[in-house]
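Here the structure is laid out as structure tokens; the discussion comes afterwards.
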Amino acid sequence: MSRPMSGTEPSGPVPRQLPADVRGFVNRLQDLARLDEIIDDSTSPGATIVVVGTAGVGKTSLAVHWAHRIRARFPDGQLYVNLHGYDPGPPITPHEVLERFLHALSVPVAAVPADLESRAASFRSLLSGRRMLVVLDNAATVGQVRPLLPGNSECLVLVTSRSSLSGLVARDGARRLSLRVLSEDEATELIQRITSGYRDQDDTADLTELAGLCARLPLALRIAAERAINRPWAPLRDLITELRDESALWDALTADDDDESDAVRTVFAWSYRALTPEASRMFRLLGLHPGAEFSLAAAAALAGRSPAKVRRVLDDLVGAHLLEQPQADRYQFHDLLRMYANDQARAEEPADAAFEATRRALSWYLHGALAARDRLGGGGLPWTPAPPEAEITPPAFPDRTAALTWYGQERENLVRAVRAADDLDVSDITWQLPAALYPIYAERNHFADWIETSTIALRVTRRLGNRAAEAEVLESLGKAHTQHFDREQGIELQSAALRLRRELDDPLGELKSANALGLARLRARDLTAARGLFDRVTTLSGTLGDQYWLAVATNNTANVDLELESFERARQLLTDALARFRRLGLRSGEGDVLRGLSHTKRGLSRPAEAYEHIRAAVAIARGDENPAREAFWLLEEGRVQIDLGRPAEALETFRRSSTLQRQLGDRVREAETWDATGIAYQAMGRAEEAVPFCRRAVSVFRELDETWLLALALDHLGAALADSGSAREAAEGRREALVLFEPFHDPRAQRHYDRLAAILTS
């Protein structure tokens with residue numbers, strides 16, 4: 001290992017997020033040429049271009065088609081997001097988009113800053129010096145776009161909007177392309193291209209009239225052309241007459257002066273009324289789905305029918321261009337069509353039927369989350385959910401990979417489902433869905449989703465007066481804040497959960513809350529409080545006869561003793577815990593005990609025995625495909641290798657641990673690997689190479705207010721600086737470490753304090 005590990009550079013695959021190119025894209029040659037001119041005339045490859053125009057005019061199709069044409073100019077990748085600025089539901093915020101973009105750029109979720117300004121700054125920093133294409137589709141306001149601008153002349157930002165977004169032009173130097181409706185010739189050519197091979201040559205005058213009735217808007221033209229294909233023997237004049245009749249009906253129902261909008265909705269209505277009763281009901285029910293994209297199974301739940309039957313209906317809707325199918329078994333709406341479907345559901349579907357359909361979909365998401373939780377080892381539920389409705393088939397997952405794939409596909413819909421359940425006052429699903437997702441959120445570090453949904457759930461449980469549910473949500477929300485580097489608020493919420501469970505006389509719930517709070521206290525190095533909480537877990541688990549929690553409590557109590565350097569007591573407890581986990585057949589628990597035993601044997605100056613323990617632990621983590629445990633346990637393995645006099649091997653072990661920690665987004669433990677790497681270089685007599693690692697660890701611990709770890713890292717940095725000839729800076733770091741060690745009164749802290757005081761005195 002010859003150079004420092006990177007702390008900020010993104011790694012991993014280049015993002016390629018563009019949607020598939022538009023099939024059968026025609027015309028718009030002048031607009032494409034104008035876009036080419038804008039970037040060809042620029043002194044750099046980047047710019048901000050805003051494509052504006054009325055709904056249905058083809059802004060997205062043009063933007064995506066042109067983006068595919070020019071993507072080779074941007075070798076560092078393409079980012080794409082549909083901002084849903086005109087959807088019936090809330091638009092996607094820049095805060096959410098930046099999390100997605102940063103994650104696509106290989107920033108771990110846990111390393112994404114909490115506030116919008118910091119996220120935007122990180123995004124700009126990552127794109128600095130890169131040539132990337134960023135497509136922001138369906139923006140409603142300048143405020144949605146401005147935080148997403150890279151601030152880099154090498155990047156191209158392509159925005160589509162129905163609004164003029166004048167602020168981007170005036171203040172940010174964006175170039176604007178106003179997309180007009182197609183010319184008469186272009187519109188008729190589009191119809192002919194789509195219907196070619198399906199109909200005999202239609203009269204040019206009829207094609208022109210049909211194009212006019214569609215306001216020469218591509219979205220409406222494609223739907224009308226598809227109607228013509230489905231009736232190949234009907235004269236085009238008959239279709240025109242029907243559309244004119246529909247237009248007259250629409251004119252009688254609306255006072256809107258927007259001719260283009262009226263034309264689009266007229267074509268929608270014309271096509272919608274031509275559907276079979278089964279397809280038209282499916283169409284309007286889909287307008288009730290909480291998200292714009294959905295799976296076949298979710299659509300089946302909405303309809304209360306089998307996926308096989310629903311698939312045929314969805315195929316009909318796709319064929320009529322009323323629905324899009326971006327991939328197998330997944331479907332999505334154009335925002336205009338989603339609004340129209342939602343309108344039809346409100347107008348034609350009985351209120352109770354619409355409610356029941358939506359509830360079925362929400363229930364499908366709840367039971368999917370429960371199935372994923374179970375497959376991912378999330379533990380038993382502290383409540384009994386209602387069984388799924390007879391009309392729906394809940395998701396089932398053959399393995400962990402399938403569960404995670406489903407969660408990844410449905411992640412946005414799961415959040416929207418919680419919001420929809422809250423809006424509809426479906427209280428049980430509103431709190432149970434976030435509670436079911438608790439262990440998945442904890443494993444994946446999806447803090448924004450976790451905190452938003454759990455905050456909604458907490459409000460609902462309090463409104464219901466369901467104190468047991470409130471305690472469950474408090475514990476989840478507390479862990480979210482604790483893991484997201486807001487330990488003070490996390491401990492406050494977890495303490496509230498513990499108090500509530502004691503008031504409810506819920507010993508199993510109290511046990512769980514005490515353990516969670518004990519782990520938070522242990523990581524904050526409040527060792528006395530942590531021991532007291534783990535002692536309570538031991539007492540409660542003994543009373544309940546719960547062997548699993550007794551093993552957990554014994555192991556966690558031993559970890560307190562390890563921090564106190566009470567190695568012999570820790571060894572006794574860990575030996576007991578190991579036997580308990582082995583009797584229960586829980587290899588993950590066995591592995592964590594073996595990690596603790598390795599630490600114990602290091603403390604007792606028996607590194608060879610320690611190495612046997614930690615190698616067995618790491619093998620368990622790898623066998624379970626658990627990268628979080630592997631990363632943490634590799635940190636211990638590297639420390640053992642240093643004690644064995646093999647620091648060069650330790651460097652490679654720490655590198656592997658650091659890579660995993662970065663992927664997981666645990667910045668604290670990643671920084672611990674850097675600190676440990678500095679120690680390994682010190683052991684090799686290469687102090688100058690140790691310094692940058694120790695500095696980076698100090699920087700992260702200082703940023704995250706990890707006082708104990710900061711004190712240790714400053715101590716290690718001081719030693720490296722002293723050995724590399726920087727005596728004055730070494731003394732400054734050691735003085736700061738001395739001050740930080742002073743508030744801790746345990747034996748290990750006192751030993752560090754006395755040693756540093758002696759060094760500084762001499």
Side-chain angles (χ1 to χ4, degrees), residues 1-8 525 563 565 598-599 602-603 605 607 610-611 614 634-659 661 667-704 706-742 744 746-762:
M1 196 169 187
S2 60
R3 63 184 180 88
M5 293 175 290
S6 169
T8 58
R525 202 171 179 78
E563 291 303 314
E565 297 188 333
S598 174
H599 187 170
R602 272 197 302 120
S605 300
Y611 192 64
I614 195 58
L634 282 171
L635 190 56
E636 169 64 22
E637 181 180 343
R639 288 168 174 155
V640 175
Q641 287 168 328
I642 291 174
D643 284 3
L644 287 169
R646 290 148 49 183
E649 292 179 27
L651 287 177
E652 179 57 29
T653 301
F654 292 144
R655 184 199 64 77
R656 169 66 177 160
S657 177
S658 176
T659 299
Q661 298 291 10
R667 296 182 66 203
V668 172
R669 285 190 173 147
E670 184 182 11
E672 285 188 78
T673 66
W674 298 337
D675 186 40
T677 299
I679 295 171
Y681 274 123
Q682 276 282 89
M684 297 170 70
R686 296 159 63 179
E688 289 186 359
E689 291 174 82
V691 168
F693 285 96
C694 294
R695 285 194 196 281
R696 293 170 65 200
V698 164
S699 176
V700 172
F701 294 145
R702 195 187 303 282
E703 176 192 345
L704 300 179
E706 290 284 348
T707 305
W708 172 255
L709 295 174
L710 175 59
L712 292 175
L714 284 166
D715 186 6
H716 301 149
L717 175 60
L721 287 167
D723 288 350
S724 60
S726 302
R728 177 178 295 180
E729 190 179 356
E732 291 175 358
R734 283 168 163 166
R735 276 193 290 271
E736 184 182 356
L738 188 70
V739 172
L740 293 174
F741 279 128
E742 189 170 8
F744 298 100
D746 57 89
R748 183 183 176 191
Q750 190 63 49
R751 178 169 56 79
H752 283 302
Y753 181 88
D754 292 344
R755 177 180 50 78
L756 282 174
I759 291 173
L760 290 168
T761 300
S762 65

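Because the structure is a prediction, the values reported are computed rather than measured.
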Interatomic spacing from CD in Glu563 to CG in Asp746 - rounded to 0.5 Å: 8.0 Å
Can I get a per-line list of side-chain donor-acceptor pairs under 3.5 Å for residues 640-647, giving both atom names and the distance, sequence neighbours left out?
from	atom 1	to	atom 2	distance (Å)
Gln641	OE1	Ala650	N	3.4
Gln641	OE1	Thr653	OG1	2.8
Gln641	NE2	Thr653	OG1	3.4
Arg646	NE	Glu649	OE1	3.2
Arg646	NE	Glu649	OE2	3.4
Arg646	NH2	Tyr611	OH	3.4
Arg646	NH2	Glu649	OE1	3.0

Electrostatic pair Glu732-Arg735, nearest N-O below 4.0 angstrom: no
Electrostatic pair Glu672-Arg639, nearest N-O below 4.0 angstrom: yes
Backbone of Thr673 reached by a side-chain donor or acceptor of Thr677 within 3.5 Å: yes
For residues 717-726, dump all side-chain donor-acceptor pairs below 3.5 Å to protein atoms at least two apart in sequence or in another chain.
from	atom 1	to	atom 2	distance (Å)
Asp723	OD2	Gln682	NE2	3.1
Ser724	OG	Ala720	O	2.9
Ser724	OG	Leu721	O	3.1

Selection residues 751-762 - residue pairs positive for salt bridge (Lys or Arg N to Asp or Glu O under 4.0 Å), sequence neighbours left out: Glu565-Arg751, Asp715-Arg755
Non-neighbouring partners of Phe701 that pass ring-ring contact (aromatic ring centres under 6.0 Å, His included), sequence neighbours left out: none
Pairwise distance CG(Leu740) to CG(Leu709) - rounded to 0.5 angstrom: 11.0 Å
Nearest-0.5 Å distance, CD1 of residue Ile614 to CD of residue Glu637: 6.5 Å
Non-neighbouring partners of Arg702 that pass side-chain contact (heavy atoms from CB on, under 4.5 Å), sequence neighbours left out: Val698, Leu710, Leu714, Glu736
Side chain Ser658, main chain Phe654, donor-acceptor under 3.5 Å: no
Plane angle bin for Trp708 and Phe741 - parallel if under 30°, tilted between 30 and 60°, otherwise perpendicular: perpendicular
Partner set under side-chain hydrogen bond (donor to acceptor under 3.5 Å, both in side chains) for His599, not counting sequence neighbours: none
Gap separating the CD atom of Glu729 from the CZ atom of Arg734, nearest 0.5 angstrom: 12.0 Å
